[in-house]
Amino acid sequence: MIDKQTFHPLNYIKKEEYSGSMEGMRYLLKKVKSGEEDVIRVTVWPEPLGIFHTSEEKKTSTEVPLTAEGVEQAADWINGQYEKRKDYWLESLHKPWTEE
């Protein structure tokens, strides 16, 4: 689980994508435009493949403000996605790289 007390990638996200994984679930935080505003798009998907080699149907995304509070919302959302689908994520840990 992401610990919001130590999860502070906001300045990094303003310049680069921020990615990580936890027990079969990968995640990516990326600054994108939503209308006129910059926001953080948060995406989760199952292991073993990277985001560009995983089909769109297997990805789930949300957008949060590009603020410290938005980063906290992102951490809560990622943790929630992990808890809701824990069996799915753990199952993906054992899939070979050759199958999606």
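Start at 1 with the first residue, then count along the sequence.
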J.: Please report the interatomic distance CD(Gln81) to OH(Tyr27), rounded to the nearest 0.5 Å.
T.: 14.0 Å
J.: Return yes when atom CD of Glu37 has more than 12 non-hydrogen atoms of other residues, nucleotides or ligands closer than 6.0 Å, and no otherwise.
T.: no
J.: Membership question, hydrophobic clusters at under 4.5 Å side-chain separation (ILVMFWY): are Val32 and Val64 in the same one?
T.: no
J.: According to salt bridge (Lys or Arg N to Asp or Glu O under 4.0 Å), who are the partners of Lys14, at least two apart in sequence or on a separate chain?
T.: none
J.: Looking at Val39 and Ser34, what are the two nearest heavy atoms and their distance?
T.: CG2-CB, 3.8 Å
J.: Mind checking what makes side chain to side chain donor-acceptor pair (under 3.5 Å) contact with Lys86, not counting sequence neighbours?
T.: none
J.: NZ of Lys84: more than 12 outside heavy atoms within 6.0 angstrom?
T.: no
J.: Can Leu66 be reached from Ile2 by stepping across I, L, V, M, F, W or Y side chains whose heavy atoms are under 4.5 Å apart?
T.: yes
J.: With rounding to the nearest 0.5 angstrom, report the CD1 to NZ distance, Ile78 to Lys4.
T.: 12.0 Å
J.: With a 4.5 Å heavy-atom cut-off, do Phe7 and Leu29 have their side chains touching?
T.: yes
J.: Show, in sequence, the C-alpha distance, side-chain angles and deciding distance for Leu90 and Glu23, and conclude whether the side chain to side chain contact (heavy atoms under 4.5 Å, CB included) test is met.
T.: CA-CA 6 Å; Leu90 291 174; Glu23 299 179 356; 3.9 Å; yes
J.: ring-ring contact (aromatic ring centres under 6.0 Å, His included) for Tyr88 and Tyr82? Distances and angles first, verdict last.
T.: CA-CA 9 Å; Tyr88 175 68; Tyr82 181 78; over 10 Å; no
J.: Restricting to non-hydrogen atoms, name the atom on Thr60 and the atom on Arg85 that form the minimum distance, rounded to 0.1 Å.
T.: OG1-NH1, 3.2 Å
J.: Quick check: closest heavy atoms across Trp45 and Gly50, and the distance to 0.1 Å?
T.: NE1-C, 3.6 Å
J.: Can you get from Leu28 to Leu49 by hopping between Ile, Leu, Val, Met, Phe, Trp and Tyr side chains that sit under 4.5 Å apart?
T.: no
J.: Provide the closest heavy-atom pair for Met25 versus Glu47 in the form atom of the first, atom of the second, distance.
T.: N-CG, 4.1 Å
J.: Over all heavy atoms of both residues, which pair between Leu10 and Thr67 is shortest? Give the atoms and the distance, please.
T.: CD2-C, 3.7 Å
J.: Between Tyr18 and Ile13, what is the shortest heavy-atom contact and its length?
T.: CB-CG1, 3.9 Å
J.: Are Ile51 and Trp77 in one and the same hydrophobic cluster, where Ile, Leu, Val, Met, Phe, Trp and Tyr link if side-chain heavy atoms are under 4.5 Å apart?
T.: no
J.: List for me each residue that meets side chain to side chain donor-acceptor pair (under 3.5 Å) alongside Arg41, sequence neighbours excluded, and say none if there are none.
T.: Glu63
